[in-house]
Participant: 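My questions all concern the structure below.
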Amino acid sequence: MRSHSDRDATAEIGSALPGLRRASGLPVVFGGAARASERVHYTELFGAGTDAIRGLVVRPGRGLGGKAAALRRPLWVPDYLHAEQISHDYDAAVRAEGLKALVATPIVVGGRTRGVLLGGLRRSLTLGDRTVAAFEEAAREAGQRIAVRDEARRRAAEAERARAAADEPGPGSPRWAEVRALNAELRSLAADVDDEQMRERLLEVCARMDAAASAGTRPDAPHLAPREIDVLACVAEGCTNADAAQRLGLRPETVKAYLRTAMRRLEAHTRVEAVTEARRYGLLV
């Protein structure tokens, strides 16, 4: 049975593949999450002509993907079936798909391989630095999103334990995290209301809910606009910019701008750092 963390990693790998295919120029991209046994399950495919690779379970150190996962670094070969530096446990699946040149890049989070991204060509070719760099970037971004999801689950579990111990809901509980999410949705609906008086009343309710949800905020916390907190809350749940835009009724460019401003005010350099700092100040659960 897959854990929540396995499902999170699988979801991030699946969402990364279309963009990775465009960025790398490789016609076939695939991958999967590493389970607790450290075996990688190839469940996500994009551009494949068969299902030969789907469901393949790769042992640590075996094949190209298993070796990349074990070494925690990218590996690539110009012709998989004739490569001498890897084992050939999975030649049948690779041959059935007609792949030759292959690259594999591990997704490493907190020193642990959480999955592998792979791509291939149906001809022999030495893959260039640009192709490998595209896989490294995709793996880095997927790793950041997985780390955010991990932290969100850890925080939610901590808050739930604290709430259960106190038997009293508060601004740091999962219940208040839901209030923040509903408040963000209400703010989006208010923007579409033509009646000015009704819109102002709705925004006033939003402001009161913001104040209640921020009761645990530290006095020295940097000031973030409500929409900046909305965007960070989405990021904390593992949303991409596109996901957050859809949820909040904004354009992806607007979400990116809010996130960039929030990161600057929090003195954060990455999405993960921004969420971590926001939680440290009590701005997020």
Side-chain angles (χ1 to χ4, degrees), residues 4-26 28-34 40-47 65 68-69 71-76 103-120 127-154 231-248 250-264 266 268-279 284:
H4 288 301
S5 61
D6 289 341
R7 288 195 288 270
D8 287 346
T10 298
E12 293 299 344
I13 289 167
S15 66
L17 293 184
L20 176 56
R21 188 188 187 202
R22 290 191 298 270
S24 68
L26 298 185
V28 181
V29 289
F30 58 99
V40 180
H41 293 230
Y42 294 159
T43 59
E44 310 304 302
L45 286 82
F46 196 79
L71 296 177
R72 299 191 182 94
R73 62 180 177 85
L75 297 173
W76 57 97
V103 57
T105 303
I107 299 170
V108 181
V109 180
R112 175 191 162 199
T113 297
R114 298 292 297 277
V116 181
L117 295 173
L118 303 97
L127 299 173
D129 292 343
R130 182 176 178 182
T131 299
V132 176
F135 275 81
E136 290 181 301
E137 178 66 13
R140 185 187 65 79
E141 292 181 354
Q144 284 192 349
R145 292 194 295 269
I146 291 169
V148 168
R149 288 191 184 224
D150 287 349
E151 181 66 9
R153 289 192 183 281
R154 188 184 70 80
V231 168
L232 283 176
C234 290
V235 171
E237 294 180 23
C239 292
T240 63
N241 288 352
D243 294 334
Q246 185 174 14
R247 181 181 296 187
L248 300 175
L250 301 171
R251 295 184 304 167
E253 296 79 7
T254 304
V255 168
K256 188 174 182 180
Y258 280 131
L259 181 58
R260 185 166 51 244
T261 303
M263 289 172 62
R264 185 174 66 251
L266 291 165
H269 301 291
T270 67
R271 298 160 68 94
V272 175
E273 286 182 11
V275 170
T276 301
E277 286 300 295
R279 284 175 172 149
L284 290 178

Participant: Heavy-atom distance under 4.5 Å between the side chains of Leu232 and Leu266, does that happen here?
Facilitator: yes
Participant: Is the backbone N or O of Leu250 less than 3.5 Å from a side-chain atom of Thr254, with the two atoms forming a donor-acceptor pair by type?
Facilitator: no
Participant: Output, in order, the C-alpha distance, side-chain angles, deciding distance and verdict of side chain to side chain contact (heavy atoms under 4.5 Å, CB included) for Cys234 and Asp243.
Facilitator: CA-CA 8 Å; Cys234 290; Asp243 294 334; over 6 Å; no
Participant: Counting distance only, does the side-chain N/O of Glu137 pair as donor-acceptor with the main-chain N or O of Ala133 below 3.5 Å?
Facilitator: no
Participant: Does a donor on one side chain sit under 3.5 Å from an acceptor on the other, for Asn241 and Arg271?
Facilitator: yes
Participant: Could you grab the distance from atom CD1 of Ile13 to atom CG of Leu45, nearest 0.5 Å is fine?
Facilitator: 11.5 Å
Participant: Measure across Leu75 and Ala68 and return the closest heavy-atom pair with its distance rounded to 0.1 Å.
Facilitator: CD1-N, 3.5 Å
Participant: Applying salt bridge (Lys or Arg N to Asp or Glu O under 4.0 Å), which residue pairs with at least one partner in residues 8-23 are found, sequence neighbours left out?
Facilitator: Asp8-Arg149, Asp8-Arg153, Glu12-Arg145, Glu12-Arg149
Participant: Would you indicate whether Gln246, at its atom CD, is surrounded by more than 12 heavy atoms from other residues, nucleotides or ligands within a distance under 6.0 Å?
Facilitator: no
Participant: Would you sort out whether Arg247 and Glu237 count as a side chain to side chain contact (heavy atoms under 4.5 Å, CB included), showing the intermediate values?
Facilitator: CA-CA 12 Å; Arg247 181 181 296 187; Glu237 294 180 23; 2.7 Å; yes
Participant: Heavy atoms only: give me the nearest Met263-Ala274 pair and the separation to one decimal.
Facilitator: CG-CB, 3.7 Å
Participant: Can you name the nearest heavy-atom pair linking Asp6 to Ala34, along with the distance?
Facilitator: OD1-O, 3.5 Å
Participant: Identify the heavy atoms of Leu26 and Gly120 that sit nearest to each other, and give their distance.
Facilitator: CD1-N, 3.7 Å
Participant: Could you state the interatomic distance from CG (Leu127) to CZ (Phe135), rounded to the nearest 0.5 Å?
Facilitator: 8.5 Å
Participant: Could you report the tightest heavy-atom contact between Ala245 and Pro252, atom names first, then the distance?
Facilitator: CB-N, 3.6 Å
Participant: Grab the two heavy atoms, one from Arg279 and one from Ala236, that are nearest each other, plus how far apart they are.
Facilitator: NH2-CB, 3.4 Å
Participant: Output the distance between atom CD (Glu277) and atom OG1 (Thr270), rounded to the nearest 0.5 Å.
Facilitator: 10.0 Å
Participant: Taking the side chain as every heavy atom from C-beta outward, state whether Leu20 and Phe46 have any atom pair closer than 4.5 Å.
Facilitator: no
Participant: Give the table of side-chain donor-acceptor pairs shorter than 3.5 Å for residues 105-114, with sequence neighbours excluded, one pair per line with atom names and distance.
Facilitator:
{"residue": "Thr113", "atom": "OG1", "partner": "Ala69", "partner atom": "O", "Å": "2.9"}
{"residue": "Arg114", "atom": "NH1", "partner": "Asp150", "partner atom": "OD2", "Å": "2.6"}
{"residue": "Arg114", "atom": "NH2", "partner": "Ser5", "partner atom": "O", "Å": "3.3"}

Participant: How long is the gap from CG on Leu118 to CH2 on Trp76, to the nearest 0.5 Å?
Facilitator: 13.5 Å
Participant: Salt-bridge test for Glu253 and Lys256: reply yes if a basic N is under 4.0 Å from a carboxylate O, no otherwise.
Facilitator: no
Participant: Holding to salt bridge (Lys or Arg N to Asp or Glu O under 4.0 Å), I want the full list of residues that pass it with Glu141, two or more places apart in sequence or in another chain.
Facilitator: none
